[in-house]
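In what follows, every chain begins at residue 1, and chains take the letters A, B, ... in the order their sequences are listed.
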Number of protein chains: 2
Amino acid sequence: MSGIKEVAKQANVSIATVSRVLSKPESVAEETIKKVLEVIEDLNYQPNAAARQLRMSETTTILVVVPDITNTFFSDVLRGIECVALENGYQVLLGDAGNNLEQEKGYLNILRQKKAAGMILLTAGIEANIVEEIAAQYPVVLACEYLEGVNVPTVSIDNVSSARKATEYLINLGHKRIGFISGPMNSVLGRDRLKGFYQAMAQYNLKVEPDLVQEGNFSYRSGFNMMLKLLAYSHTPTAVFAANDEMAFGAINAIEQKGLTVPQDISVIGFDNIKFSSIFKPALTTISQPTFDIGTKAMELLIGLMTKQEMEKTQFILENKLVLRDSCYKCSR
Amino acid sequence: MSGIKEVAKQANVSIATVSRVLSKPESVAEETIKKVLEVIEDLNYQPNAAARQLRMSETTTILVVVPDITNTFFSDVLRGIECVALENGYQVLLGDAGNNLEQEKGYLNILRQKKAAGMILLTAGIEANIVEEIAAQYPVVLACEYLEGVNVPTVSIDNVSSARKATEYLINLGHKRIGFISGPMNSVLGRDRLKGFYQAMAQYNLKVEPDLVQEGNFSYRSGFNMMLKLLAYSHTPTAVFAANDEMAFGAINAIEQKGLTVPQDISVIGFDNIKFSSIFKPALTTISQPTFDIGTKAMELLIGLMTKQEMEKTQFILENKLVLRDSCYKCSR
DNA sequence: ACTAAATTTGAATGCGGTTACAATTCGGTT
DNA sequence: AACCGAATTGTAACCGCATTCAAATTTAGT
């Protein structure tokens, strides 16, 4: 309703003056400012974002593409992003990809339409070369997953070494027959965690039985089913490493359904440390990712890019730690 | 980079023609369309959203204000919203209020700036009169919570009758001393669920011991602590109704920490049926809310408002149901 | 009191599209 | 050959704001 014109009229000044009161008050007389601000207050005036954006050719909206907002891991990261976005006057446009690549790509148009000034990708479904092309034109930062050989600002954890750390923990508890329930092999994340597992096993000269490595898809269901599969072999593992917590829950429930107990019969370790991991019984031993920090760091990076600041560094590997709880125990066999 | 001018030049037509190819192709010659589309494809041209919005004074962005994105209940609703938003060409701007009223109010400016064409409130922190005022000027729909006496399109469940249903279930299992861990009393939602509890108890002529009603804040922690409090009384309840699932988890874990078991010693029922409720042990008996549907319905309503369609109805109460699992059992005392 | 400099203000322009309106083309009629 | 209507295209005027540049006003200095 009330635009800058209305304010100008009521304050008896030109629209230029109103505009200046809002953006360069130091160039306006004290008294005029007061008068104008009063009217602004009065009319509840807020400058039209579209007009401003068109004129200034810059927006304060950023886009975050998430594979699945329902996953608490991502929503935690999102909260981190939102938090520093707000502090700096940005709004976040949510792009839930629903685990669908086409949809994910569709969001790139938001950037082309200048609806968002930059983008944070929490996914890694889009092909590396496309990401690189986009990143060359617009501010983009990758969070959580990184793309091999792509030189785009990234914040993540070292999945390989963390998975190694988790595996070593199991080995040091005396476990030798260790099963692994992996994430989908078409995700970097899934592959890296598996790689860490292999590295640790090799380092301790332990053989990895191919049968004991099963591919899941990060869902509870898949964790449950793959564990059932592992339990079906004559020679069951004494410990299982699930590539994320949800699958670990599935594995544990499968084990218990078979009448065995965790950790006495089989130890289970997870990855992510989602909110629920400490509530679950047994409380889950897992690798904790600094989700919130990943979010804040990613957003800070993006702001840096958007404001064209000089960056000393654009690749950040955040610390993660092993959280010891009740789902692992010394190997008894 | 490439705007409509560039396209026009390369296609050898005026910008008006380019614009028409995109919006009213039936008024453009077949051949011209082809030529223009080719150039558009070539340049990867996408019309500038700000310019379009300014001219048309309408945007395809909507705002969703969420109390806490980390809560899977809200993220489920959000997914429902996002889903139909996408189908209809809308984008969703995320407003995480971080349980902070000031922040929540701040998002109203997004509407005033015309950055969003409408808003869905998943919270009910803002004062009723303010909501009403805003709703008079902009399309707004309330989801999850409703504001008493406010005539704003709403989709929700009937918290009172659902809470009554849950309580009746407990009563029918033979429980007489039933505890209640409520949500915060300053939320409608919290109050309604408590009201339903009272109604059911009264209906069956059961006394509600004031000591057995404790106020939590919907967090796991508070559920745990309030349960500890209930257990400290000499005469403990045989069943407990927690106003949401997270608190129910807290209650159960508190009970078990005291050496008692659920449901044999004490039955526990929750509310919401979040993803985790079926994974938890014991699997939680709870009231299931149609989260996804709440989201889709809310977005459909909002679209209706924004496109000024005639609405037969603007208040929707969605069905919920009692999900029977393993956390409740017949009263043995 | 008068002028130069500094301060404060307003008129006009354009950001990149959409669209009303005018102009042009073209085949068909008279 | 002149004329007409339909189809197609171009011209230009906005949309609301920021900003340049010049005009108006105030301040300061002599």
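Atom NZ of B:Lys35 is separated from atom P of D:dT8 by 13 Å (rounded to the nearest Å). Distance A:Asn12 CG to C:dG10 P: 8 Å, rounded to the nearest Å. Between the C1' atom of C:dG10 and the NZ atom of A:Lys9 lies a distance of 17 Å, rounded to the nearest Å. Atoms CD (B:Glu58) and C1' (D:dG16) sit 16 Å apart, rounded to a whole Å. Rounded to an integer number of Å, the gap from B:Leu54 CG to D:dA13 P is 17 Å. Atom pair B:Lys5:NZ and C:dG17:P shows a separation of 8 Å (rounding to whole Å applied). A straight line from NZ of A:Lys115 to P of C:dG16 spans 18 Å, rounded to a whole angstrom. For the pair B:Glu6 CD and C:dG16 C1', the interatomic distance rounds to 14 Å; values are reported in whole Å.
Using modelled atom types and a 3.5 Å distance limit, the side chains of B:Thr61 and A:Lys115 yield a donor-acceptor pair.
Checking D:dT11, C:dA11, C:dG16 against the side-chain heavy atoms of B:Ser14 singles out D:dT11 as nearest. For B:Ala51, counting side-chain heavy atoms from C-beta on, the closest listed nucleotide (D:dG16, C:dG17, D:dG10) is C:dG17.
Here the side chain of B:Glu82 pairs a donor or acceptor atom with the backbone of A:Asp96 at under 3.5 angstrom. Put simply, the side chain of B:Gln53 never gets that close to the backbone of A:Ala49: no donor and acceptor are under 3.5 Å apart.
Under a cut-off of 6.0 angstrom, the local environment of CD in B:Glu26 is crowded, with over 12 non-hydrogen atoms contributed by other residues, nucleotides or ligands.
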Please write out the pairs of protein N or O atoms and N or O atoms of nucleotides 18-22 of chain C separated by less than 3.5 Å, giving the distance to one decimal.
from	atom 1	to	atom 2	distance (Å)
C:dT18	OP1	B:Arg52	NE	3.2
C:dT18	OP1	B:Arg52	NH2	3.1
C:dT18	OP2	B:Ser19	OG	2.4
C:dT18	O5'	B:Ser19	OG	3.4
C:dT18	O2	B:Arg55	NH1	2.1

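In this structure, the side chains of A:Ile62 and A:Ile81 come closer than 4.5 Å at one or more pairs of heavy atoms. With contacts defined as side-chain heavy-atom distances shorter than 4.5 Å, the pair A:Ile69/B:Ile69 qualifies.
Separation of atoms OG1 (A:Thr70) and CZ (B:Phe74) is listed at 13.5 Å; rounding is to 0.5 Å.
For B:Thr32, a side-chain nitrogen or oxygen approaches OP1 or OP2 of D:dT9 to under 4.0 Å.
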